[in-house]
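All remarks here apply to the structure that follows.
Whatever order the structure lists them in is the order used to number ligands and atoms, beginning at 1. The shown structure was predicted, so the numbers you read here are calculated from the model rather than taken from an experiment. All values below were derived from every heavy atom in this structure, side-chain atoms included, with hydrogens, water molecules and symmetry-related copies excluded. Heads up: numbering here begins at 1 and tracks the sequence.
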Amino acid sequence: MSASAFPLHTAIVMDGNGRWATARGRPRIFGHRAGASAVRRTVEAARHLGLPVLTLFAFSSDNWERPRTEVSALFVLFREFLEAETARCRDEGIRLEIIGRRDRLPARVLQAVERAEAMTAASSAMRLRVAVDYSAREAIAAAAHRLSPTSRAPRDDLARLIGGPDVDLLIRTGGEQRLSDFLLWEAAYAELVFLDVPWPEFGRDHLEGALHEFARRQRRFGRIAAAV
Ligand code: FPP
């Protein structure tokens, strides 16, 4: 657990693409395309601000229930992002990791994911984790399934099997205030920042605002102030 004024692990639920597009009389995919630009902006800002770990929620396992055309368009955007940004990530010292199920990803997306991870494996300035076909409940259940019944430290072993670092700061754009099955274990003591801004409009100023808000919070991890 970190009580530092700067978050080691920042996670973002990127919400509001569809409503942003609809409000402009445009199809939802227009919002997702603008959302992909916001991803580029945000990653660049995070790198320059020195965030060590950034996790972005790009596609939840429940998003498979959306219309097929929207799902396909999201995977095209995701593949285009990987194909266009991998070399730049490597040059900027950003290590790309995908979290979530891989067995249902379209073959070309999986190929782009594996290539991006291999090409950036040696980068160490920042970790960029993108959650795709991700469900926190499923990640916890899968780890519990692998946990040995004779484990002497089940909580630590489960945390290791789940794998992600604890989240310090969790931002959700788009005005809703919920976690939507994102990093439920890792966010046990995350500071939550909910913003009314739709994801396509998110940028460096919003990220810096959330970091300032985080620095103002007093984190006690269940203890009393004097003990932290
Ligand atoms: C939530 O907004 C957003 C998504 C389900 C997709 C997020 C995808 C991107 C930001 C673009 C592609 C990603 C990468 C990593 C390049 P919503 O559609 O639920 O919006 P709504 O609540 O307004 O309908």
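Two residues are said to be in side-chain contact when any heavy atoms from C-beta on lie closer than 4.5 Å; L54 and I94 fail this criterion. Using a 4.5 Å cut-off on side-chain heavy atoms (C-beta onward), V109 and F78 make contact.
Sorted by first then second residue, the ring-ring contact (aromatic ring centres under 6.0 Å, His included) pairs that include residues 139-167, not counting sequence neighbours, number zero.
For R90, there are no salt bridge (charged side-chain N to carboxylate O under 4.0 Å, His left out) partners at least two apart in sequence or on another chain. Not counting sequence neighbours, the partners of P198 by the side chain to side chain contact (heavy atoms under 4.5 Å, CB included) test are W20, P200, E201.
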Under a 3.5 Å threshold, I'd like every N/O contact between ligand 1 and protein atoms, with atom names and distance.
unit_1: ligand 1; atom_1: 2 (O); unit_2: D15; atom_2: OD1; d: 3.4
unit_1: ligand 1; atom_1: 2 (O); unit_2: G16; atom_2: N; d: 3.4
unit_1: ligand 1; atom_1: 18 (O); unit_2: R28; atom_2: NH2; d: 2.9
unit_1: ligand 1; atom_1: 18 (O); unit_2: R66; atom_2: NH1; d: 2.8
unit_1: ligand 1; atom_1: 19 (O); unit_2: D15; atom_2: OD1; d: 3.2
unit_1: ligand 1; atom_1: 19 (O); unit_2: R66; atom_2: NH2; d: 2.8
unit_1: ligand 1; atom_1: 20 (O); unit_2: G16; atom_2: N; d: 3.4
unit_1: ligand 1; atom_1: 20 (O); unit_2: N17; atom_2: N; d: 3.2
unit_1: ligand 1; atom_1: 20 (O); unit_2: G18; atom_2: N; d: 3.1
unit_1: ligand 1; atom_1: 22 (O); unit_2: D15; atom_2: OD1; d: 3.0
unit_1: ligand 1; atom_1: 22 (O); unit_2: R19; atom_2: NE; d: 3.2
unit_1: ligand 1; atom_1: 22 (O); unit_2: R19; atom_2: NH2; d: 3.1
unit_1: ligand 1; atom_1: 23 (O); unit_2: G18; atom_2: N; d: 3.3
unit_1: ligand 1; atom_1: 23 (O); unit_2: R19; atom_2: N; d: 2.7
unit_1: ligand 1; atom_1: 23 (O); unit_2: R19; atom_2: NE; d: 2.7
unit_1: ligand 1; atom_1: 24 (O); unit_2: R28; atom_2: NH1; d: 2.9
unit_1: ligand 1; atom_1: 24 (O); unit_2: R28; atom_2: NH2; d: 3.1

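If you check the side chains of S61 and D133, you find a donor sitting under 3.5 Å from an acceptor.
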